[in-house]
2 protein chains.
Amino acid sequence: MLSKKTKYGIKALVYLAKQEERIPVQISVISKSENISQKFLESILLTLRKNGILGSKKGKGGGYYLLKEPKDIPMTAVMRLLEGPIAMIPCVSLNFYEKCDDCPDENACAVNKLMLKVRDNTLKIFRNTTLADLSN
Amino acid sequence: MLSKKTKYGIKALVYLAKQEERIPVQISVISKSENISQKFLESILLTLRKNGILGSKKGKGGGYYLLKEPKDIPMTAVMRLLEGPIAMIPCVSLNFYEKCDDCPDENACAVNKLMLKVRDNTLKIFRNTTLADLSN
DNA sequence: GCATTATCCTAGTAAATCGATAGGAATTGA
DNA sequence: TCAATTCCTATCGATTTACTAGGATAATGC
């Protein structure tokens, strides 16, 4: 299940991508437009900034803005930041790999086999979708 | 993230599918073979039985067995039973649809658009994969 | 400089979900 | 009757989720 954090984060990014110019947009503006709790959105934008997706400016006329062009922001980056692993199970994750306690042999595991297929497909979608694709 | 419930459920089903004959297998046998807590597995097999995937027999020589041939059990059924929705967000779910509170127009929603694509792909995999495919 | 307007940062918290566990009732076979 | 097994309900600690609170910090404009 996609968390609200990720959902709101994507919506905010799309909102920023749709702006004509890359000038700072205040949290309050985005939160009102997208019906997101302002304080919650604040924490989400903060992590996006800390991880190089957004830039920010403090004080009057401040706010958040995209650091790159929307076409250069793949959804893999956004998903991994906000949601965590793209795989449904750690033993098939590229970036968050972990061995299963109960499983003696991954190659013989049916769950591994199935979830690997799912991950491959999902990954392909997120890799081939950028913020630009979502904001048209 | 795939829950342990689903993971264990799939493993148990694969174990049963691999049996030569459709005779009852005890919970304790499966739990030992697959390294699953017996009590937890018990509750999982119970829901699989209550939903027409497994049959059971009580008393000595009792246990659980598949009610259908592995090739006739698609992963969609198993996933929906144990994990719930296949979609990552309710607004693109076929069997567990729910409208988003914050979203005035689904068709204009970027998250909806993206997650619909993911669901389509994942669904295709689960539909085309049966228990038989996993137990070879 | 000082007030205002914003982000920055750390904590906390209520509710839900997860991953079990406990304990006994019901049923079956020998 | 007894032992083996599933059936069923209830509970529980830990973790995660979706926020909220409250102030620190920085930039702007007068």
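None of the values given here were measured: they were computed from a predicted structure. The chains referred to below are lettered A, B, ... by the order of the sequence lines, with proteins before strands, and numbering in each begins at 1.
- Taking only side-chain nitrogens and oxygens, Ser43(B) never comes nearer than 4.0 Å to OP1 or OP2 of dA20(C).
- For Lys39(A), the listed nucleotide lying nearest its side chain is dC8(C); candidates were dC8(C), dT5(D), dT21(C).
- Taking only distance into account, the side chain of Glu42(A) meets the base of dC9(C) through a donor-acceptor pair shorter than 3.5 Å.
- Taking atom CD of residue Gln38(A) and atom C1' of nucleotide dA21(D), one finds them 13 Å apart after rounding to whole Å.
- Once rounded to the nearest 0.5 Å, the distance linking OG of Ser56(A) with NZ of Lys50(A) reads 11.0 Å.
- Judged purely by distance below 3.5 Å, without hydrogens or angles, the side chains of Glu98(B) and Ser93(B) never pair a donor atom with an acceptor atom.
- To the nearest 0.5 Å, atom CG of residue Leu46(A) and atom CG of residue Leu41(A) are 10.5 Å apart.
- Checking dT7(C), dT20(D), dT21(C) against every side-chain atom of Ser37(A), the shortest atom distance belongs to dT20(D).
- Across all strands, Ile27(A) comes closer than 4.0 Å only to sugar-phosphate atoms, never to a base (heavy-atom distances).
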Take Asp102(B) and Lys11(A), measure what salt bridge (Lys or Arg N to Asp or Glu O under 4.0 Å) needs, and give me the verdict at the end.
-> CA-CA 11 Å; Asp102(B) 55 302; Lys11(A) 283 192 165 192; 2.7 Å; yes
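- At the phosphate of dC7(D), OP1 or OP2 sits under 4.0 Å from a side-chain N or O atom of Ser56(B).
- Atom-to-atom, CG of Leu45(A) to C1' of dA6(C) comes out at 13 Å; the value is rounded to the nearest Å.
- Summarising the geometry, the separation between CG on Leu41(B) and C1' on dA20(C) is reported as 12 Å, rounded to the nearest angstrom.
- An OP1 or OP2 oxygen of dA18(D) is reached within less than 4.0 angstrom by no side-chain nitrogen or oxygen of Tyr8(A).
- From Lys5(B), atom NZ reaches atom OG1 of Thr47(B) across 5.5 Å, with rounding to the nearest 0.5 Å.
- With Asp133(A) contributing its side chain and Thr130(A) its backbone, the two residues share a donor-acceptor pair below 3.5 Å.
- For the OP1/OP2 pair of dT5(D) and a distance below 4.0 Å, the side-chain nitrogens and oxygens of Arg49(B) include no atom meeting the criterion.
- Leu67(A) CG to Ile53(A) CD1: the interatomic distance, rounded to the nearest 0.5 Å, is 8.5 Å.
- Distance Leu46(A) CG to dA11(C) C1': 14 Å, rounded to the nearest Å.
- Note: CD1 (Ile44(B)) to P (dT21(C)) measures 12 Å, nearest angstrom.
- Going from atom NZ of Lys5(B) over to atom C1' of dA20(C) covers 12 Å, rounded to whole Å.
- Residue Ile36(A) contributes atom CD1, which lies 13 Å from atom P of dT20(D) at whole-angstrom precision.
- Residue-level contact check: Lys50(B) touches the backbone only, with heavy atoms under 4.0 Å from sugar-phosphate atoms and none from bases.
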Distances under 3.5 Å between nitrogen or oxygen atoms of protein and nucleotides 28-30 of chain C:
| unit_1 | atom_1 | unit_2 | atom_2 | d |
| --- | --- | --- | --- | --- |
| dG29(C) | OP1 | Lys57(B) | NZ | 3.3 |

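- The nearest whole Å value for the distance from the CD1 atom in Ile23(B) to the C1' atom in dT5(D) is 15 Å.
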